[in-house]
A.B. asks: 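Please see the structure below; I have some questions.
In what follows, every chain begins at residue 1, and chains take the letters A, B, ... in the order their sequences are listed.
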Amino acid sequence: MDGNKSALLMMGCPEVPVQMGIVLYLSNKLGKAGYDVTVAGTDAALKLLKVSDPDEHYVKKTMEIDQCIADIVEKKIDFDCCFAFMHSDAGMTYAATMSAISKAKMYAVIFGNNAEDVAETIEFPAEKIVAKAVHNPIPLKNKIDRAIP
Amino acid sequence: MSCFDNIKHEVLLESVSFREARKFIEEISDEVYYVKPGYKIFGDCYLVGVPPIALGIKGIDLIFPIVKPRLGTFVGKARNEKEIERLRENNASISE
C-alpha cells in the first residue's frame, strides 16, 4: 500500500474480543506504511480503545461513528480506504452506508462465529477479509497480512 | 448514543436485520419513499442503512429505520408533518 494516504478503521460493536486487538494491529501496520489513520466507533468501543492504548502509540485519531458519517455526508472529511469491522448485520449495515457515502476503497473485515453468513449478505463493492475468529486473533491477522502485505 | 434518542418516537420493531426492517416498513406504510444512506432527517440525524432505505408514511406518522451497532435495526414511528412534506416533495420513488 502507498504512503501519504488516509485510512478509516470503522469498528463495530466491541462485544467480540478479536476486534480490538486487530484494530490496534492494523492501525500500527497502516501507520508504519505512512497512512494517516483514524479509528471510528461507538462510545463503548472508543473507551476500550483508549484504555488499551492510553499513550496513543497505535491510534492517534478517533471519531464517534455517527459523527464520522455526518462529516462524510457533509463533505468535511473523507478517506482513501476504509476497513469496516463487522460480525453482525448491524456492522454490515454501517459498512454499506460507508460504501454509499464515501469514495474510499472498502475492505470488509468480517469475524465472529457467523463470519461466513455475514460475508454472504454484503452486496456493496468491497474486498472481503473473513475469518471465523472470536477469541484468537491469529486467523484474522493472517488474512489481513495476506490482503495487505 | 444515537441522535434518534433525542427524537420522541415509538418503537414498532426491534433488533431485526436491516432487510427485515425495510420489509416491515414497506408492509405497514400507506406510502413508501426510498432514500440514500446519509439522508438527513429530524434536523441532524443521518440515516444508516443498506440502500435503498425505505421511509414510510402512515397517516401523519413517519416510519423509519434506526440502526444500533450492538442491538441491530429498530423501526421507529414519529409524528412529524414537516419531515413528511419534505420527503414527499423531494422524492419521486414511490409505491402506494
Side-chain angles (χ1 to χ4, degrees), chain A residues 10-16 19 23 39-48 63-78 82 84-104 106 108 112 114 117-118 120-126, chain B residues 1-7 9 11-26 32-56 63-76 78 83 86-87 90-91 93:
Chain A
M10 188 173 71
M11 295 188 286
C13 167
E15 70 185 341
V16 179
Q19 176 174 264
V23 164
V39 179
T42 61
D43 186 49
L46 292 177
K47 281 177 179 164
L48 268 169
M63 285 191 87
E64 197 279 324
I65 193 165
D66 288 321
Q67 186 62 53
C68 181
I69 287 169
D71 285 356
I72 292 173
V73 171
E74 297 298 340
K75 303 195 183 307
K76 293 177 183 170
I77 56 168
D78 207 349
C82 172
F85 286 72
M86 66 194 82
H87 68 277
S88 65
D89 184 78
M92 184 281 294
T93 303
Y94 266 86
T97 301
M98 192 58 67
S99 172
I101 64 174
S102 170
K103 67 174 175 57
M106 293 295 298
N114 302 316
D117 292 340
V118 173
E120 284 179 10
T121 65
I122 291 178
E123 293 176 347
F124 54 87
Chain B
M1 182 173 142
S2 162
C3 81
F4 291 103
D5 293 340
N6 299 322
I7 306 298
H9 67 278
V11 173
L12 302 177
L13 191 65
E14 56 186 277
S15 296
V16 297
S17 72
F18 190 82
R19 284 173 180 79
E20 289 169 324
R22 182 197 290 140
K23 188 164 178 264
F24 178 79
I25 291 170
E26 290 169 341
V32 180
Y33 294 85
Y34 295 94
V35 299
K36 294 176 182 174
Y39 181 82
K40 196 173 177 181
I41 60 171
F42 305 134
D44 60 355
C45 294
Y46 295 82
L47 284 177
V48 169
V50 178
I53 299 174
L55 291 178
I63 300 167
F64 51 94
I66 305 167
V67 183
K68 301 188 179 189
R70 191 168 73 86
L71 301 170
T73 302
F74 289 55
V75 175
E83 282 297 339
R86 191 168 72 92
L87 190 61
N90 296 340
N91 292 275
S93 178

A.B. asks: Counting only heavy atoms from other residues, nucleotides and ligands, does the tally under 6.0 Å from NZ of A/Lys75 exceed 12?
C.D. replies: no
A.B. asks: Identify the heavy atoms of A/Ala96 and B/Val50 that sit nearest to each other, and give their distance.
C.D. replies: CB-CG2, 3.9 Å
A.B. asks: Looking only at non-hydrogen atoms, find the nearest pair between B/Gly72 and A/Ala90 and report the distance.
C.D. replies: CA-CB, 4.0 Å
A.B. asks: Using side-chain heavy atoms (C-beta onward) and a distance below 4.5 Å, is B/Tyr46 in contact with A/Glu74?
C.D. replies: yes
A.B. asks: Among the options A/Ala100, A/Gly41, A/Ala44, A/Ala70, pick out the one with the most heavy-atom pairs lying under 4.5 Å from chain B.
C.D. replies: A/Ala70
A.B. asks: Does any backbone or side-chain atom of B/Ile53 lie under 4.5 Å from a heavy atom of chain A? Answer side chain, backbone, both or neither.
C.D. replies: neither
A.B. asks: Taking side chain as everything from C-beta outward and backbone as N, CA, C, O, which of these in A/Ser99 sits under 4.5 Å from a heavy atom of chain B? Side chain, backbone, both or neither.
C.D. replies: neither
A.B. asks: Taking the side chain as every heavy atom from C-beta outward, state whether A/Thr121 and B/Arg19 have any atom pair closer than 4.5 Å.
C.D. replies: yes
A.B. asks: Drop me the distance from A/Ile101's CD1 to B/Leu47's CG, to the nearest 0.5 angstrom.
C.D. replies: 11.5 Å
A.B. asks: Taking all atoms of both residues into account, what is the closest heavy-atom pair of B/Phe18 and A/Thr93, and its distance?
C.D. replies: CB-OG1, 3.6 Å
A.B. asks: Taking side chain as everything from C-beta outward and backbone as N, CA, C, O, which of these in B/Lys40 sits under 4.5 Å from a heavy atom of chain A? Side chain, backbone, both or neither.
C.D. replies: side chain
